[in-house]
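The block underneath contains the structure these notes are about, expressed in structure tokens.
One-based numbering along the sequence shown.
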Amino acid sequence: MSNTNWTREETIVAFNVYCKIPFKLSSKTNPTIIKYANIIGRSPSALNMKVGNFGRLDPELKKQGIVGLAHGSKMEEKVWDEFNGNWERLAYESELLISQFADKPIEEVLEIETDEINAKVGLERETIVKQRVNQRFFRSTVLSSYYFRCCITGLSIPDLLVASHIIPWSRNKEQRLNPRNGLCLNWIHDRAFDQGYITITPDFRVKISPVFEVFANENAVQDFFVKIENQKINLPDKFLPAREFLDYHYDAIFKK
């Protein structure tokens, strides 16, 4: 393993890992840490330390009294300042770097289905690949922030979880990949949120639509929706849902 100073490229990959791993579960024995450490040729301990160093730069962690490692490098600060808030660039550039370190095509590293991709050429193919990469990054970042549990029910079956956009994908290109524009929800509540049957208030409580009054006698409505009215969601350690995005959902999506 290398003992030289970290390069910009390695540091960008470390930021990628910081985004995709639950902060409290980061350790030198974490399989994700081991996987990416092997890819970039660093020890798991070294990569885990870098992830901790990024934690010291995250204001959301500081507000909760969660701090990363006390010391870090100027390179980490430069990468944080360059990419924090520029999520689309971070997603694609960091995943591309990972594929280059692994010496494999990016779609192979991310295990992206290639049938549709291989039927395209040139710019169209590149666009599809980039979209798939970005969607994977958003899902990984949002779900890991919530420790892979639905923020309403606590459900932890991965195949039934969705990285749900607060401001829909189609309505705000700049915030598409912002993890603070995401919630970890199960499929049913994701669909209800997307269609405006439920919303999350700025104080992070569930609010259900008056539309449900028409179906109040249905047991499923009682179990899935009425019982969660005013329930506080489970909050992530990092990438707390932005209040301005929640306000938008209430004003523009929620069925009043």
Contact list for residues 159-174, test salt bridge (Lys or Arg N to Asp or Glu O under 4.0 Å), sequence neighbours left out: none
Between Arg132 and Glu95, is the closest basic N to carboxylate O distance under 4.0 Å? no
According to salt bridge (Lys or Arg N to Asp or Glu O under 4.0 Å), does anything in residues 230-254 pair up with another residue at least two apart or in another chain? List the pairs. none
All salt bridge (charged side-chain N to carboxylate O under 4.0 Å, His left out) counterparts of Arg8, not counting sequence neighbours: Glu82, Glu93
Name all residues meeting the salt bridge (charged side-chain N to carboxylate O under 4.0 Å, His left out) criterion together with Arg180; count only those two or more places apart in sequence or in a different chain, and write none if there are none. Glu60
Closer than 3.5 angstrom, by distance alone: can the side chain of Glu10 be matched with the main-chain N or O of Thr7 as a donor-acceptor pair? yes
Can the ring centroids of Tyr92 and Trp87 be said to lie less than 6.0 angstrom from one another? no
Of all residues at least two apart in sequence or in a different chain, which pass the side chain to side chain contact (heavy atoms under 4.5 Å, CB included) check with Thr11? Trp6, Phe54, Met75, Glu76, Val79
Output side-chain donor-acceptor pairs under 3.5 Å for residues 25-32, partner residues at least two apart or in another chain, one line each.
residue : atom : partner : partner atom : Å
Ser26   : OG   : Asn48   : OD1          : 2.5
Ser27   : OG   : Thr29   : N            : 3.3
Ser27   : OG   : Thr29   : OG1          : 3.1
Ser27   : OG   : Asn30   : N            : 3.3
Asn30   : OD1  : Thr32   : N            : 2.8
Asn30   : ND2  : Leu25   : O            : 2.9

Contacts of type side chain to side chain contact (heavy atoms under 4.5 Å, CB included), residue Lys256, not counting sequence neighbours: Tyr250, Phe254
Scan for ring pair (Phe, Tyr, Trp, His ring centres under 6.0 Å) pairs involving residues 170-194, sequence neighbours excluded, and state none if there are none. His189-Phe225, Phe193-His249
Residues in side chain to side chain contact (heavy atoms under 4.5 Å, CB included) with Ile34, at least two apart? Asn38, Pro44
Mind checking what makes side chain to side chain contact (heavy atoms under 4.5 Å, CB included) contact with Val226, not counting sequence neighbours? Ile208, Val221, Gln222
Qualifying ring pair (Phe, Tyr, Trp, His ring centres under 6.0 Å) pairs with a residue from residues 146-184, counting only residues at least two apart or across chains: Phe138-His165, His165-Trp169
Taking salt bridge (charged side-chain N to carboxylate O under 4.0 Å, His left out) as the definition, give me every residue that meets it alongside Glu229, ordered by chain and number, with sequence neighbours left out. none
Taking the six-membered ring for Trp, is the centroid-to-centroid distance between Phe83 and Phe15 below 6.0 Å? no
